[in-house]
Protein chains: 2
Amino acid sequence: MTEGPTITTIAQRAGVSIASVSRVLNGLPTREDTVRRVMRAADELGYVPNSVARSLRNRRTDQVAFAMADIGNPVYVAMVREIQPMLKEAGYRLLIHSTDGDAEDELGVLRGLRERYVDGLIISPLRGVTEEHVRAIVAARAPVVVIGALPVGMPEGAPVDNVRTDSRTGVRLALDHLYAIGRRRIGFLNGPLDTVPGAARAAAYREALEALGLPYDEDLVEVGDFYRDSGARAARALLSRVPGLDALMCANDLIALGALDVLREHGRDVPGDVAVVGMDDTDLASVTWPTLTSVSLGSAERGRAAATLLLDRLQNGPREPRVTVVRPSLTVRGSTAVPGLPGTAGDGR
Amino acid sequence: MTEGPTITTIAQRAGVSIASVSRVLNGLPTREDTVRRVMRAADELGYVPNSVARSLRNRRTDQVAFAMADIGNPVYVAMVREIQPMLKEAGYRLLIHSTDGDAEDELGVLRGLRERYVDGLIISPLRGVTEEHVRAIVAARAPVVVIGALPVGMPEGAPVDNVRTDSRTGVRLALDHLYAIGRRRIGFLNGPLDTVPGAARAAAYREALEALGLPYDEDLVEVGDFYRDSGARAARALLSRVPGLDALMCANDLIALGALDVLREHGRDVPGDVAVVGMDDTDLASVTWPTLTSVSLGSAERGRAAATLLLDRLQNGPREPRVTVVRPSLTVRGSTAVPGLPGTAGDGR
DNA sequence: CATCCAGCCGTAAACGTTTACCGATCGCAC
DNA sequence: GTGCGATCGGTAAACGTTTACGGCTGGATG
């Protein structure tokens, strides 16, 4: 495998020094004649600069990583879709880490920052930012944007920005809506409580019920995973325990899919017998039958915000940490559509 | 921003040469005592090797790129889901290029190989592999796996493997099935003809009709894009032109989604009035209403196969090119389910 | 004609590793 | 006590760039 040409090869061919070659290729002021000779040699040799050598010298890799739990989750896909073009536009390549929600893996990514293979990182840690995460980030001294909750006690000067949504309000929006269409026995299918969204949504569910003057009933809550089959299992369990429930609040759209499967299986009409609300408002929500009312947590916006914050740091250097909050909103679709009631569509299901 | 420790720092602290440090860190045989001193110093300093310097020296980056048209397309997501863990397992990081189907962009990725920022590439070129693609691959001298069709005239010794599916057979499976359930006026919603899948599926549709003894009717064909809204537009056009059609063959699941939207909008029963078949058998297919019969082109398998081929080359060096063909299969679901007919399920819709 | 300055460009160092090569040291055998 | 071989570790080069520094050339100026 013949090695490609380097600036040394070009220098020889053009009869100049490697310094001149480099200057020409980087557009630094050079005599017209030299420029021509170098350009000609470079063209003839089909020269392409070695990005690794350049990175070593320049101390930047022009690469950015995005670490998330699972690239199969439409939420993260939506983020990547926003992040990738923005980074490309700014001249950065994008690395993907799918950590499977494994805390060790997440830490590995953060620690990996010290290997300096990327200039910055966007991370969405499922299990939350621990003491150790923080230490790793500080030690890395590379800009990091965390999508999700950040602990209160971030040390001064850590190069960390934060993008978050307000899932508390999100859950609140959903329950208010369910209440408004007359539902009172509202089940809750949650994800693991040791994840950030899981914990937040559990608390939010309780709070929202209280605000509505509804009793909190442990029997109405089922905890599983953030996947479709897990959602189905949870829904089955919940339905057999509380056959009379009239609504299901699901901690994400995948869980809601599972719930819809089970409701259909049991011959329950949605939303007639049971209304269903998902969260994340993924592409799936407009595809299901009936289409799924879902709380949008602004995945695309969060992706954009994260990329914006990171690029700003990369391009303009250190500054005080920033936080961007994305407001949730409710998209009402068929799974809660009750004819004749305000704010709902009678068809569209 | 204090710079991190390098092997030089360690060497000083441990009172040895950088060569010894490197040897210890790489596990080469060294005196017990030296090992301890170096390890101790490295630990105390929290040393992490600089991956860029290592790459420069070793002439490998431990990075692999995957280039596809659109990370939003579930087909590619399915591939990434398989590719990422396999690469991680083998110690490679994954770079993502979403080229938006732009031929220039694709070429840019291939040319970028010469910058040596990755050790290998998996690419799924929407517009097909042109002369120029081939030149870029040969010039790169880095292993490439192409998912999709490869031109016949690949030059000897180009380090290219190929993974393909047989969409001809795929379309055939779908049309045979539609014929079997009694459909005779089968519309076809295709993607752009200047894409590889688009062209292949157009030809396959014609062929399959012929094999079934059905006439080819241009009026039954609509060409758009591989997206949902485009599918909807195409379906609308087709329905108004040929109101009597009894089946729709869609060139991918997204198009099928659009078609289902329009059929519902027009009050046509699926599959009663119109049966619908998609292609790619994405996650979406089991979510729609009715669930979507779809031709699986084995996205996950193709991803796995591509990763396998690439890793083999990376780990075992040059060898003759290989081709892996993934067989399509038909997954029958609600959108073609006709009660009482063999091979179809009466419920499940 | 001497001096100065500007403009070019070449030499060399640096980025942080890995590794070929060789010299030093030690133990052992004679 | 000498010599030999094995073992260990240090020096230096190499990977392919960028860039500080200084030397050379030429023209302009006094």
Side-chain angles (χ1 to χ4, degrees), chain A residues 1-39 41-42 45-63 112-119 141-142, chain B residues 1-39 41-42 45-63 112-119 141-142:
Chain A
M1 193 172 280
T2 342
E3 291 312 325
T6 70
I7 53 168
T8 310
T9 329
I10 299 185
Q12 283 164 358
R13 178 157 205 156
V16 299
S17 77
I18 61 165
S20 290
V21 175
S22 176
R23 273 189 289 257
V24 170
L25 295 175
N26 288 301
L28 297 178
T30 316
R31 204 167 33 143
E32 177 60 21
D33 170 49
T34 315
V35 172
R36 258 203 309 276
R37 302 235 302 284
V38 170
M39 284 310 203
L45 291 167
Y47 169 80
V48 175
N50 180 309
S51 64
V52 177
R54 179 176 276 173
S55 290
L56 180 58
R57 167 71 211 208
N58 292 345
R59 295 155 152 269
R60 56 205 302 268
T61 59
D62 295 323
Q63 298 188 152
L113 281 180
R114 311 201 49 201
E115 295 175 27
R116 325 230 92 215
Y117 65 90
V118 285
D119 298 337
R141 293 181 172 280
Chain B
M1 191 170 284
T2 343
E3 290 312 324
T6 69
I7 51 169
T8 310
T9 330
I10 299 186
Q12 283 163 358
R13 178 156 206 158
V16 299
S17 76
I18 61 165
S20 290
V21 175
S22 175
R23 272 188 291 256
V24 170
L25 295 175
N26 288 302
L28 297 179
T30 318
R31 206 169 33 151
E32 178 61 20
D33 170 51
T34 316
V35 172
R36 258 202 310 275
R37 302 234 304 282
V38 170
M39 283 312 204
L45 291 167
Y47 169 80
V48 176
N50 181 308
S51 63
V52 178
R54 180 176 274 174
S55 291
L56 179 58
R57 166 70 211 206
N58 291 345
R59 295 154 154 267
R60 56 206 303 268
T61 59
D62 295 323
Q63 297 189 150
L113 282 181
R114 309 201 50 197
E115 295 175 28
R116 323 232 88 206
Y117 65 89
V118 285
D119 298 337
R141 294 183 171 278

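Here is the naming used below: chain letters follow the sequence lines, and residue numbers restart at 1 for every chain. As the structure is a prediction and not an experimental result, all values here were calculated from the model.
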Worksheet item: When the nearest nucleotide of DNA chain C is assigned to B:T6 and to A:G15 on a heavy-atom basis, which residue is associated with the more 5' position?
Response: A:G15
Worksheet item: Would you say C:dC9 has OP1 or OP2 under 4.0 Å from some side-chain N or O of A:T34?
Response: yes
Worksheet item: So, for B:R13 and B:L45, which heavy atoms are closest and what is the spacing to 0.1 Å?
Response: NH1-CD2, 3.4 Å
Worksheet item: Among C:dG10, D:dG10, C:dT18, which is the nearest nucleotide to the side chain of B:N26?
Response: C:dT18
Discussion item. Applying the side-chain contact (heavy atoms from CB on, under 4.5 Å) criterion to A:T30, which one of A:N26, A:T34, A:D33 satisfies it?
Written reply: A:T34
Discussion item. Just to be sure I understand the rule, does B:V16 reach a base, reach only the sugar-phosphate, or reach nothing, if contact means heavy atoms closer than 4.0 Å?
Written reply: sugar-phosphate
Item to complete: Take atom CG of A:N50 and atom P of D:dT18, then tell me their distance rounded to the nearest Å.
Response: 10 Å
Worksheet item: Does any non-hydrogen side-chain atom of B:V21 lie less than 4.5 Å from one of B:Y47?
Response: no
Discussion item. For a quick test of reading the model: is some side-chain N or O of B:R59 closer than 4.0 Å to OP1 or OP2 of D:dG16?
Written reply: yes
Worksheet entry | Spatial distance of atom CZ (A:R54) from atom OG (A:S22) [nearest 0.5 Å] | 8.0 Å
Item to complete: Report the nucleotide, chosen from D:dG10, C:dA12, C:dT19, that has the shortest atom-to-atom distance to any side-chain atom of B:S22.
Response: C:dT19
Worksheet item: Of all the nucleotides listed (C:dG16, C:dT19, C:dG10), which has the minimum atom distance to the side chain of A:A19?
Response: C:dG10
Practice prompt. May I have the distance from A:R31 (atom CZ) to D:dG26 (atom C1'), rounded to whole angstrom?
Written response: 11 Å
Discussion item. Without decimals, in angstroms, what is the distance between B:L56 CG and D:dC15 C1'?
Written reply: 4 Å
Response to the item:
Winner on side-chain proximity to B:Y47, out of D:dT17, C:dT17, C:dG10, is C:dT17
Item to complete: Could you check how far CZ of A:R116 sits from C1' of C:dT17, rounded to whole Å?
Response: 15 Å
Discussion item. Within the 4.0 Å heavy-atom criterion, would you say A:T30 contacts the bases, only the backbone, or no part of the nucleic acid?
Written reply: sugar-phosphate
Worksheet item: Rounded to whole angstroms, how far apart are CG on A:L28 and P on D:dT19?
Response: 7 Å
Worksheet entry | Contact under 4.0 Å: B:S20 side-chain N or O vs D:dG10 OP1/OP2 | yes
Discussion item. Nearest to the B:N58 side chain among D:dT17, C:dT18, C:dC9, which nucleotide is it?
Written reply: C:dT18
Item to complete: Classify the nucleic acid contact of B:I18 as base, sugar-phosphate or nothing, counting any heavy atom under 4.0 Å across all strands shown.
Response: base
Practice prompt. Could you check how far CD of A:Q12 sits from P of C:dT11, rounded to whole Å?
Written response: 12 Å
Worksheet item: Quick one: A:E32 CD to C:dC8 P, roughly how many Å, whole number?
Response: 11 Å
Worksheet item: Under the 3.5 Å rule, do the base of C:dG16 and the side chain of A:R57 count as making a donor-acceptor pair?
Response: no
Worksheet, complete the sentence: Of the candidates D:dT17, D:dT11, C:dC15, the side chain of B:S17 sits closest to D:dT11
Worksheet item: So, is A:R23 near the phosphate of D:dT18, with a side-chain N or O under 4.0 Å from OP1 or OP2?
Response: no
Item to complete: Could you tell me whether B:P29 contacts a base, only the sugar-phosphate backbone, or nothing, with contacts defined as non-hydrogen atoms closer than 4.0 Å?
Response: nothing
Worksheet, complete the sentence: Minimal heavy-atom distance between B:R116 and A:N50, with the atoms involved, is CG-ND2, 4.1 Å
Worksheet item: Separation of B:L25 atom CG from C:dT19 atom P, in whole Å?
Response: 13 Å
Fill in: Over all atoms of both residues, closest heavy-atom pair of B:S55 and A:V52
CB-CG1, 3.7 Å
Worksheet entry | Upstream residue (5' side of DNA chain C) when B:R54 and A:A53 are each assigned their closest nucleotide | A:A53
